[in-house]
Chemist: 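Okay, handing you the structure first.
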Amino acid sequence: RRAGTGGSVDDRVDMLVDAARTADMRDDAIPYATTFLTVAVALLAIGYAVRARLPAFVNRLLPTLAIAVLALVPATFISALLGVRTPVGLGLGVLVPAIVLTAALEALRRRRPFFAVAIALAAIVGLLAVDLVLGAPLQLNTLFGYSTAVAGRFAGLGNLAFGFFAAATLLLAISVYEGLPRRWSLPVACGVLVLGVLVDGLPMLGGDVGGVLAMVPAFGITAMVLAGRTLRVRHVVAWFAIGAATVLAFGLIDLARPRADRTHLARFLERVRDGGFDAVSQLLERRWEASFAGAGLLLFLLLGVALGLVVEYTFLRMEAGRRRVRLTLAGRAAAIGMAILALVGLVANDSGAAVPAVMLAVAVPVFLLRADSWLGGRT
């Protein structure tokens, strides 16, 4: 479909061959890219936790590194505009935009730290949203998009891109809440969250079922925290039900479209209509197996959670000393919302642990850059 209907058969074959070669190169590069991103985020978190014992120049460098990680996310998708065909070209196609964005955001951070974080998040959300409106050309064969070699998806928002988009949207909404006057802050923040769900889930845009199932409860509960509401179990259950109802609504919209334009969501609803609950149980079983395939991955996840808890505990102890740290309202909303988003994103998408991993690439730098404000309420 992306090869188009114009031009000769040979031209379209050449386009598909080029796409396949790019996909192979992209698939070879993914393990290195994800490893680099994971290590960078882990070093950032550990470095910030023990920053009191680090040299002064390293402490000054930590915020710049956090900005660089945020800038790297949109740079991986911008690389699609350069039409790279070699590994060296791919590396330069990612690094050059990342360096330019890092320099611009770092210059802004030195004068207006809050706006630097907000603009970095807006760049991720805006770039991916515009890309989806234009047919998702930046998703195809980019480092964290989807691959023609795997052939799992050729339209809409891929699982890893969803992780970046969802985390950035949630944190952007919180930034909007903090930055606007109180009269407008909550309505505009909720508007950002609603638009994020629409961009991710509408079949003519993102068409992402698992993403909607994760975003709706996470975003809804985040909005409740920002509104100062006390969370109850019934609220959590209600937001998960609203998430399922939203997926159904998007599916009905998809079914109303011409058959040639329908996505996997409409086809799934047709299978449910024909096969009943068996179709749902088979989908859930496949998702579960993809997320927790094998004891090795489960052990890796448990070790990751344990390491995260140790780092968090060390960070809070060194921040507060003998005093108790109280998160601000925005900090609580970010922590609760991201926890729900990562947990549901893990089980609702068939990319498994990779989804919360890329969310951390957005969340950890933002948490570190905003820590002085979000941990400002000490008792």
Side-chain angles (χ1 to χ4, degrees), residues 1-5 77 125-140 144-148 150-166 169-170 190-220 238-288 290-291 341 344-351 355:
R1 186 168 71 179
R2 286 184 179 272
T5 55
F77 296 99
V125 174
L127 178 68
L128 291 176
V130 171
D131 179 46
L132 292 174
V133 171
L134 297 178
L138 302 185
Q139 295 285 314
L140 189 66
F144 299 107
Y146 39 75
S147 168
T148 53
V150 176
R153 177 190 279 266
F154 293 103
L157 194 65
N159 288 338
L160 300 185
F162 151 73
F164 291 128
F165 179 79
T169 300
L170 188 148
C190 291
V192 171
L193 296 174
V194 171
L195 285 175
V197 173
L198 293 176
V199 169
D200 180 72
L202 282 172
M204 62 286 296
L205 293 176
D208 184 14
V209 177
V212 173
L213 290 174
M215 290 172 78
V216 170
F219 287 9
W239 278 113
F240 275 97
I242 293 172
T246 304
V247 171
L248 178 61
F250 288 154
L252 294 176
I253 292 173
D254 202 14
L255 283 172
R257 304 166 74 203
R259 180 169 291 275
D261 296 332
R262 294 177 184 173
T263 69
H264 58 288
L265 179 54
R267 294 190 291 272
F268 171 68
L269 291 183
E270 290 173 342
R271 289 198 299 272
V272 172
R273 180 191 61 196
D274 298 335
F277 183 75
D278 287 342
V280 178
S281 63
Q282 290 173 7
L283 175 65
L284 294 176
E285 183 179 351
R286 288 197 302 271
R287 300 269 178 170
W288 182 262
S291 298
L341 189 64
V344 183
L346 171 66
V347 298
N349 293 277
D350 52 14
S351 292
V355 174

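Residue numbers start at 1 and run along the sequence shown.
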Chemist: Checking Val133 against Leu205 for the side-chain contact (heavy atoms from CB on, under 4.5 Å) test, could you report, in this order, the C-alpha distance in whole Å, the side-chain angles of both residues, the deciding distance, and whether it holds?
Modeler: CA-CA 6 Å; Val133 171; Leu205 293 176; 4.1 Å; yes
Chemist: Is there a side-chain contact between Pro137 and Asp131 in this structure, where contact means two heavy atoms from C-beta onward sitting under 4.5 Å apart?
Modeler: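 Yes. Closest side-chain heavy atoms under 4.5 Å.
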Chemist: Looking only at heavy atoms, which two atoms of Ala214 and Gly345 are closest? And how far apart?
Modeler: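 Nearest heavy atoms, Ala214 then Gly345: CB-N, 3.8 Å.
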Chemist: Let's go through Phe77 and Leu127 carefully: what are the C-alpha distance in whole Å and the side-chain angles of both, what is the deciding distance for side-chain contact (heavy atoms from CB on, under 4.5 Å) to 0.1 Å, and is it a yes or a no?
Modeler: CA-CA 8 Å; Phe77 296 99; Leu127 178 68; 4.1 Å; yes
Chemist: To the nearest 0.5 Å, tell me how far Leu248 CG sits from Asp254 CG.
Modeler: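 These two atoms lie 12.0 Å from each other.
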Chemist: Looking at Leu202, Thr246, Leu198, which one forms a side-chain contact (heavy atoms from CB on, under 4.5 Å) with Val212?
Modeler: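 Among the candidates, only Thr246 passes.
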Chemist: Give the C-alpha distance, both sets of side-chain angles, the deciding distance and a yes or no for side-chain contact (heavy atoms from CB on, under 4.5 Å) between Asn159 and Phe162.
Modeler: CA-CA 5 Å; Asn159 288 338; Phe162 151 73; 5.5 Å; no
Chemist: Could you tell me the separation between the CH2 atom of Trp239 and the CE atom of Met215, rounded to the nearest 0.5 Å?
Modeler: 12.5 Å
Chemist: Passes side-chain contact (heavy atoms from CB on, under 4.5 Å), Phe240 versus Val344? Steps please.
Modeler: CA-CA 10 Å; Phe240 275 97; Val344 183; 3.7 Å; yes
Chemist: Using modelled atom types only, decide if a donor and an acceptor are shared between the side chain of Asp208 and the backbone of Leu157 within a distance under 3.5 Å.
Modeler: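 Such a contact is absent between Asp208 side chain and Leu157 backbone.
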Chemist: Which atom pair, heavy atoms only, marks the closest approach of Ile253 to Pro203?
Modeler: CG2-CG, 4.0 Å
Chemist: Any non-hydrogen side-chain atom of Phe165 less than 4.5 Å from a side-chain atom of Leu132?
Modeler: no
